[in-house]
Amino acid sequence: MSDQAAPWWKTTTIYQVYPRSFADSNGDGIGDLPGIIVHLDHLVDLGVGTIWVSPFFASPQRDIGYDVADYRSVAPEYGTLDDAQTLIDEAHRRGLRVLFDLVLNHTSDEHPWFVESRSSRTNDKADWYVWADGRTWPGGKKRPPNNWRSELQVSKAWQWSDEREQWYLASFLSFQPDLNWRHPEVRTEMFDMIRTWLGRGVDGFRLDIFGSIMQDLHLRNNDPRPTLTGGIPRLQTPNRTLNTDETIALAGDLRAVVDEFTGDIDEPGKGERALLGEVFGSPEVLRRYLTDGGRPGLHLVFLFDFLAARYGAKRYRDLIVSFEEEFPAPMLPTYVLENHDRTRSLSRVGGDLDKARVLATLLCTLRGVPVIYQGQEIGMTNRYIPLREANDPVPGVVAKHLPEAANKRLTERLNRDEVRTPMQWTADPGVGFCPDDVTPWLPVNDDRITRNVDIQSTDPTSLLSLYRELLTLRALRPALHAGSLRMLTVESDALIAYERADGDDTVTVVANLGDDTTVYRTGVSKGALLSATGDDVELFEGERSGTHVHLPPHSAAVLEL
Ligand code: GLC
């Protein structure tokens, strides 16, 4: 079977843990590493193969850990280095792989490196960040060196420092200065840090805003023309800042570092190590991150199109077809419906659980690596939190003057707190995240009574049970975790149907995304249902030809034909 030869990262399912909101073991209202360890069995029961843990390193937490102040230590509210080691070991003991989250593009402005770098133009770390002299208006007003905009578009990418009387580059937020990856000492230090974590057994990394790491050396302006990059609207074409040749080459350098740790045994912590990039760009650009001029780079890249796509058969079909065409085997697409930055998928489909079940079926049966965000498996939804109450720094930049009434109407939420509320383990006031008398760092969602792991674990009709069933099936059937994908012809526009096959193992998936009941004719005389979104999905013998599938509105079936 082909799956025996396939490395683990090709056949796995990834589960994103957002540590601050996963489980609080010490009653301070903040999730922590011991809390994750306590709940590892939930992930085993769910059937995922890999956990990706969002940053828990020392940090002032102004961007909830994506502003690192020391890559080699753990933020005290999350635990200790020993806890990080225990997390790796306990995950491995259960057969789970572990990806940590590396923020290589920038540090916190409170990182001692930046504090030193900012202190003068001549200190030892003076060039560890991207510093530049600006320009001056005739009246003496200071201007940044060029027109580059931050990733958030609405603000410039340069920040003024009074101490150095120079500008520093900050591709995301002002307190996240970009490291200068052209500096040999920066590279050595960062590669060394990466080796340290790999040496502790980490199976790989998710790479935060990797495409923004290296900009044009000559600081030439971006083209002023607005553009779309991987579905993200930009006020200028990021031709000098995003996905530069040097950044793509760095993917290859990092690959060489992680490959040093590939052992002979294909076991967690001993086998191949993997890199998963958060990169935005055209398929051509994304493919270059995987292999450039024959040189291997990242193992996988996120494809975020499903995060933005409106629910619909045609839209999804087109996306699946384009993923298949743009990332044919041996490449693998990734499928992402949610993460800690974007609206919850159930909220995106208007809270319709039937649609969430269809999405779960597609996610777990398509060709590619599925990525699940904590709480997605129990149907957690956005929890409205007004902009003025946001912990998230992004609304302060992008929605400074937005009236709350207008904010409320937006489908894509601007305050990322809304998708980061505590993971709902039980129906208790503290949802099993923290003690009931403790105030969690973000408020608990009101839907906790039905949307919790406890209650859904014992309900065979719950979304959690469906996810478990689908992921078990995916792990068992080579067709699903290692097979090819062929789109099948459908008679109705509301249907999506495809066949997955690996050798003689074949599985068929059919989904009805329409508001009317539909019948799918399989064309064969015998078939069996392996999984279905509900009891009302049924197989029946057609009057003339073979087995038909009765598909109520917004339903799906996984079939053995
Ligand atoms: C990524 C992270 C996001 C973070 C940003 C800056 O997009 O997913 O949460 O704020 O990078 O590090």
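Just follow the structure's listing: the first ligand is 1, and inside any ligand the first atom is 1. Here the structure is a predicted model, which is why all the values come from computation and not from measurement.
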*Ring center gap for F100 and W197 short of 6.0 angstrom*: yes
*W131 ring center within less than 6.0 Å of W167 ring center*: no
*asked:* Please enumerate all residues that pass side-chain contact (heavy atoms from CB on, under 4.5 Å) together with H218, with sequence neighbours excluded.
replied: D216, R220
*Would you check, one step at a time, whether the test side-chain hydrogen bond (donor to acceptor under 3.5 Å, both in side chains) holds for E338 with S345?*
CA-CA 6 Å; E338 293 184 18; S345 58; 2.6 Å; yes
*Classify the ring geometry between Y66 and H340 as parallel (under 30°), tilted (30 to 60°) or perpendicular (over 60°).*
parallel
_Heavy-atom contacts with ligand 1 below 4.0 Å: which residues, ordered by chain and residue number?_
D63, Y66, H106, F172, R206, D208, I209, E278, H340, D341, R416, R420
*Audit row: Q61, D67, side-chain hydrogen bond (donor to acceptor under 3.5 Å, both in side chains) steps and yes/no*: CA-CA 6 Å; Q61 304 292 337; D67 47 336; over 6 Å; no
